[in-house]
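See below for the structure under consideration.
We name chains A, B, ... by the order of the sequence lines, and we start the count at 1 in each one. For clarity, every value in this text was computed on a predicted model and none was experimentally measured.
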There are 2 protein chains.
Amino acid sequence: MSAAFSTTAPLRLALVEDDPELRQLYSDYLCRQPELSCVLLAGSAEAFFEQLPDLLQAPQVVLLDVGLPGRSGLDSLPRLKQLLPDTEVVMHTVFDDPDRIYQALCRGASGYVLKNQPLAELKAAVLEVARGGAPMSRAVARQVLAHFKPTPTAQAGLLSEREQQVLEGMVDGLGDKQVATRLGLSPDTVRTHVKNIYRKLQVSSRAELLSRHAKGQL
Amino acid sequence: MSAAFSTTAPLRLALVEDDPELRQLYSDYLCRQPELSCVLLAGSAEAFFEQLPDLLQAPQVVLLDVGLPGRSGLDSLPRLKQLLPDTEVVMHTVFDDPDRIYQALCRGASGYVLKNQPLAELKAAVLEVARGGAPMSRAVARQVLAHFKPTPTAQAGLLSEREQQVLEGMVDGLGDKQVATRLGLSPDTVRTHVKNIYRKLQVSSRAELLSRHAKGQL
DNA sequence: CTGTGCCTACCGCATTTGAGTGATGCCGGC
DNA sequence: GCCGGCATCACTCAAATGCGGTAGGCACAG
């Protein structure tokens, strides 16, 4: 909701990128934009943190490379967000593997753009995140959505209907007896179902099952 | 990477929207686009499913209103994806509450755009999803990201560092002993930590803890 | 100095859970 | 009709877990 009119002061941007050529390229382009103002350029996370105290005002957006030498961008994210809770971080990288994306988002990134995109996209992402958005490259957005999808692999057809219901109860954090009550069954029956579920899903404890459920496959 | 050149056949789009005026407005606009072809217009989920068999080719994208009379868009999503697994669904609505968004994504939506946006945005979303993207309005994207964030509420400060580590182990589906091994502790120590965690987080079983963790507070 | 909280570790006990075995009845395919 | 899968219930046994207490060492605040 905060203003972003042409009369607004340029957005304070920090750029962390280890490749000197790329850094030059990006900063050249981004700094030329009237809406932006590069207040910090760093080639590593360490350099970034060192330069931070020199700034009069904290950057509003940090464009952070994931694959940095030394402390990776991913690793320094928590500290960055701790020092600058109100600063938006956009990850910038060639990696589009689910795990890195997941880690970045969990650690407080508000955007994730890939490096194979036109510079205009990069600029758009920076502006977008400053406006309260969450810019993500196509592939990244899909990965993110994949985290929510049911992954109809195992369950569909594998587990019988009753077993599904029992599983549901377990997922809700209930014990065998409570599940039995909910379904109007004998606790022993539930126990049998649970055992069969374990066998079918290849796990051997409630914890494992719930862990799996929470992660990949619902 | 799939082609989207001007020589490509127009994208087959289905539009499900209960408000006749809006439906008219959207279809007028979208159908005028050379890249798009509205093959189905429906005012309800029921009408959509009825008209489906009449089509020569299934729609490639469905623009689905969330707040439909009768079977809501949200409720009909699973069936839609079951019938048309390869069709991309973009939710279209005025609602931006986290729960509805979460439900939609879990049920297979690949996009979620709000209704307060210019028509060009709508068109862009349809094209984007067809290209393998995941178009989301600003507010929606933020909600989605919020699902990954640590929710610094409870855990931060509430649980000690050691307890965090133990919790992590439990979340990974490990037993007490395995957690102990991982952290180089006595199983008894882990048990003590677990007890304290339960007390602090107000739960009384592993299942409850993991369930909570999976749901609200990651 | 004292209290408080954390980390560590142990004891004991009741309950829950994982794992094995068996049994009954229903249903559907071969 | 037989076999396999499913749902139901039962019994046993051992391991894991939940719950209560105790206790020494450490660090920090009052």
Residue-phosphate contact under 4.0 Å: [X] side-chain N/O, [N] OP1/OP2:
X: K200(A); N: dC6(D); answer: yes
X: R162(A); N: dA7(D); answer: no
X: K195(B); N: dG20(D); answer: no
X: S160(A); N: dG5(D); answer: no
X: Y198(A); N: dA19(C); answer: no

Using atom [atom1] of [X] as one end and atom [atom2] of [N] as the other, report the distance to the nearest whole Å.
X: E208(A); N: dA16(D); atom1: CD; atom2: C1'; answer: 14 Å
X: R206(A); N: dT16(C); atom1: CZ; atom2: C1'; answer: 8 Å
X: H193(B); N: dA9(C); atom1: NE2; atom2: C1'; answer: 10 Å
X: E161(B); N: dA27(D); atom1: CD; atom2: C1'; answer: 15 Å
X: I197(A); N: dG18(C); atom1: CD1; atom2: P; answer: 11 Å
X: Q178(B); N: dA16(D); atom1: CD; atom2: P; answer: 9 Å
X: R199(A); N: dA19(C); atom1: CZ; atom2: C1'; answer: 12 Å
X: L209(B); N: dT17(D); atom1: CG; atom2: C1'; answer: 13 Å

Worksheet item: What are the two closest heavy atoms between L41(B) and S27(B), and how far apart are they?
Response: CD2-CB, 3.7 Å
Worksheet entry | Y112(B) versus V90(B), closest heavy-atom pair with distance | N-CG1, 4.2 Å
What does [X] touch in the nucleic acid at a heavy-atom separation under 4.0 angstrom: a base, only the sugar-phosphate, or nothing?
X: D176(A); answer: sugar-phosphate
X: T192(A); answer: base
X: R191(B); answer: base
X: T189(B); answer: base

Fill in: Nearest to side-chain heavy atoms of D188(A), which nucleotide of dA10(D), dC7(C), dT16(C)
dA10(D)
Discussion item. Measuring only between side-chain heavy atoms, which start at C-beta, is V113(B) closer than 4.5 Å to M91(B)?
Written reply: no
Discussion item. Side chains of S160(A) and Q164(A) only: does a donor on one sit below 3.5 Å from an acceptor on the other?
Written reply: no
Practice prompt. By nearest nucleotide on DNA chain C, pick out whichever of V194(A) and N196(B) is the more 5' one.
Written response: N196(B)
Response to the item:
Comparing S204(A) with S186(B), nearest DNA chain C nucleotide closer to 5' gives the residue S186(B)
Item to complete: For residues Y26(B) and H92(B), establish whether the separation of their ring centroids is below 6.0 Å.
Response: yes
